[in-house]
Protein chains: 2
Amino acid sequence: MQRELFIKMVLDAWDTQIKRTDDLFNQLSDEQLMAEVSPGRNRGIYLLGHLAAVHDRIFPILNLGKEINPGMYEVFVASPDKSGAEIQPISELKLYWKKVNSKLAEQFSKLSVEEWFQKHTSVSEEDFKKEPHRNKLNIIINRTNHLAFHLGQLIFLKPRNQ
Amino acid sequence: MQRELFIKMVLDAWDTQIKRTDDLFNQLSDEQLMAEVSPGRNRGIYLLGHLAAVHDRIFPILNLGKEINPGMYEVFVASPDKSGAEIQPISELKLYWKKVNSKLAEQFSKLSVEEWFQKHTSVSEEDFKKEPHRNKLNIIINRTNHLAFHLGQLIFLKPRNQ
């Protein structure tokens, strides 16, 4: 019972950050998303693609199947913003972001308590014996903090007095 | 054993964000901390005080005693930046930040597994029966995300090519 509770706590925090980011993306115009979050920093469109690509990578890490769009990782994670790589239109990136998160939510709801405490695919069997905290649920804790980190930057795309 | 593991997962994530933020504060000069993280936004000095004051408030919320400096909450949480309130020098705020976090670490290490799953002081007994996830450990999950959110902003105080 404590274990179910713990999973709820972690997934609630994830859902809260997803909801806040989603609300922000829905509020921002394409013009606002094309701007840099701060002078000389990443653009909103890049962070939108970055977050979606990082979340898409969760599928293989948690052994939940393949990424929806594996090519996005190269453009939005392995490459910095303004690298010259071709970027999809904002409307498509917004759909990708929504699709990844809704498919993750669907898959998360099917994972059993035992599965959440199993090792993820980036850790070896041997290391996992010594470090059992490197389980699937821990990936969600870390990705939630990653999301909050970039959300703190993305809110700068909103006008100051809004 | 599984319950100890949850606590380790949450506290490891907390420690990671604290360490990153601490390293950043150590790298930044007073001049850099006096700057706004982005044009028209909070200054570094304000976010330093804000994070320290929010963390100081964790003591009463987890029933671990009083805040180290209760007056800070009014200046750095209840009031916005540049409100005209007198702000302590950066050197003192840095000491306050370190003192709060090291005292929290000390207290966290003494909490038993049972205590982490007890209700925090901001939730009523009645609500806690219906919402048992509103426990002490959940406060740490949420405050870790809060810290990551502002860390994402504070890194803009570093020069771009560093």
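Here the structure is a predicted model, which is why all the values come from computation and not from measurement. So you know, we letter chains A, B, ... as the sequences are listed, proteins then strands, and number each from 1.
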Under 3.5 Å, side-chain donor or acceptor atoms of residues 62-81 of chain B against the rest of the protein: list the pairs with distances, not counting sequence neighbours.
{"residue": "Glu67(B)", "atom": "OE2", "partner": "Arg57(B)", "partner atom": "NE", "Å": "3.0"}
{"residue": "Asn69(B)", "atom": "OD1", "partner": "Gly71(B)", "partner atom": "N", "Å": "3.4"}
{"residue": "Ser79(B)", "atom": "OG", "partner": "Glu74(B)", "partner atom": "O", "Å": "2.7"}
{"residue": "Asp81(B)", "atom": "OD1", "partner": "Arg43(B)", "partner atom": "NE", "Å": "3.2"}
{"residue": "Asp81(B)", "atom": "OD1", "partner": "Arg43(B)", "partner atom": "NH2", "Å": "2.8"}
{"residue": "Asp81(B)", "atom": "OD2", "partner": "Arg43(B)", "partner atom": "N", "Å": "2.8"}
{"residue": "Asp81(B)", "atom": "OD2", "partner": "Arg43(B)", "partner atom": "NE", "Å": "3.1"}

Donor-acceptor pairs are to be reported for all side-chain atoms of residues 85-92 of chain A against protein atoms at under 3.5 Å, with residues two or more places apart or in another chain.
{"residue": "Gln88(A)", "atom": "NE2", "partner": "Glu92(A)", "partner atom": "OE1", "Å": "2.7"}

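Per-residue heavy-atom pair counts under 4.5 Å with chain B were compared for Thr16(A), Val10(A), Asn135(A), and the maximum is reached by Asn135(A). Among His133(B), Arg41(B), Gln153(B), the residue making the largest number of heavy-atom pairs under 4.5 Å with chain A is Arg41(B).
Residue Leu154(A): no heavy atom, backbone or side chain, is found under 4.5 Å from chain B. Residue Leu147(B): no heavy atom, backbone or side chain, is found under 4.5 Å from chain A. Residue Leu151(A) touches chain B through both its backbone and its side chain, counting heavy-atom pairs closer than 4.5 Å. Looking at His150(A), there are no atoms closer than 4.5 Å to chain B (heavy atoms on both sides), in backbone or side chain.
Salt-bridge annotation for Asp23(B) and Arg20(B): absent, with no side-chain N of the basic residue lying under 4.0 Å from a carboxylate O of the acidic one. For Glu4(A) and Lys8(A), the salt-bridge test fails: no basic side-chain N is under 4.0 Å from an acidic carboxylate O.
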| request: Take Arg3(A) and Phe6(B), measure what side-chain contact (heavy atoms from CB on, under 4.5 Å) needs, and give me the verdict at the end. | output: CA-CA 8 Å; Arg3(A) 291 166 78 196; Phe6(B) 307 156; 3.3 Å; yes

